[in-house]
Amino acid sequence: MIEIVIPLLAAVALGGLGLRGWHLFRGPARSRVYLILRLVVVGLVTMLLVTVSVWRFSKSRRTQLFGGMVTRVETSEPVVALTFDDGPEAGDTEEILAILEAKGVQATFFVIGRALAENPAEGPRIVAAGHELGNHTYSHRQMLGVKYSTVKEEIEQTDALIRAAGYKGAIHFRPPYGKRFIVLPYYLHTHRRKTIYWNIEPESYSDIVGNSDLITAHVLENLTPGAIILLHAMGESRAATRQAVPGIIEGALAQGYQFVTVSELLEYTKTQ
Ligand SMILES: [Zn+2]
């Protein structure tokens with residue numbers, strides 16, 4: 001709703017701005033100072049509304065300007081996707097891979113191109129274990145206000161590294177911080193690539209993020225068929241998440257869910 005209301009308000013303010021400007025040059029000289037003040041105020045309010053609007057829209061989980069976006073898949077089958085963002089980092093990758101292997105579960109890793117290049121053994125390790133690699137840009141910069149050439153470079157450099165790691169499947173994309181506006185969705189749309197988001201994000205709650213039991217409980221309480229779980233398991237600050245993974249897997253399996261990769265999950269949409 002806010003994505004519609006704010007642009008509308010901004011449009012009204014812009015209209016007012018135009019009208020004031022027109023009056024300024026048509027009206028009597030004595031009222032010009034007053035009109036200039038009005039112009040400044042309306043201009044500032046408009047800028048603020050447009051900024052808030054773009055910010056909210058760039059994070060929207062409901063819509064984007066171009067291309068397909070997926071936050072979860074509509075299915076009645078008890079399938080869910082476990083996705084890990086950022087990295088890969090040496091050490092933490094092995095720890096996560098060992099957990100997944102012990103539980104016999106496949107996951108999707110949205111990796112950063114630069115991290116792949118800096119840790120060349122980790123990408124092939126993830127691929128060899130049968131997991132999926134997704135593209136999370138090369139530098140993990142915010143993809144707002146970026147040029148087309150930057151988007152192309154960020155994505156294509158990372159694709160090349162993912163291929164070099166031996167991954168052969170479809171490479172899905174997830175924007176850093178979940179943010180995008182015009183150029184990135186346009187690029188993805190013209191390259192027929194889906195933007196993959198998530199609908200379960202335990203680490204986004206400050207009272208949950210540092211506690212592995214709470215992370216596990218949050219995921220298990222919110223699981224539904226077709227869910228996409230977002231976790232960050234790389235780095236020292238993410239120890240609680242790494243500890244939560246076995247409990248998440250065991251709990252979900254006990255609820256009758258099966259873990260699939262993002263590509264496999266998307267297949268369930270087509271059969272609806
Ligand atoms: Zn990220």
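Note that the structure is predicted; figures quoted are calculated from it, not measured. Read the numbers this way: they start at 1 and go in the same order the structure lists the ligands and their atoms. Heavy atoms only: backbone and side chains are in, while hydrogens, waters and symmetry mates are out.
The ring-ring contact (aromatic ring centres under 6.0 Å, His included) test with Phe109 is passed by exactly one of His136, His232, His131, His172: His131.
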Under 3.5 Å donor-acceptor pairs involving side-chain atoms of residues 243-260, not counting sequence neighbours:
residue	atom	partner	partner atom	Å
Glu250	OE2	Lys103	NZ	2.4
Gln255	NE2	Leu220	O	3.2
Tyr257	OH	Leu223	O	3.4

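Distance alone, capped at 3.5 Å, places no donor-acceptor pair between the Glu203 side chain and the Val209 backbone.
A salt bridge between Arg242 and Asp92 is present, with a side-chain N of the basic residue lying under 4.0 Å from a carboxylate O of the acidic one.
For the Zn ion (ligand 1), the nearby protein N/O/S atoms, meaning those under 2.8 Å, are Asp86 OD1, His136 NE2, His140 NE2.
Evaluation of the salt bridge (charged side-chain N to carboxylate O under 4.0 Å, His left out) test over residues 159-170, restricted to residues two or more places apart or in two chains, returns Asp159-Arg193.
Applying the ring-ring contact (aromatic ring centres under 6.0 Å, His included) test to His218 and every residue at least two apart in sequence or in another chain returns Tyr205.
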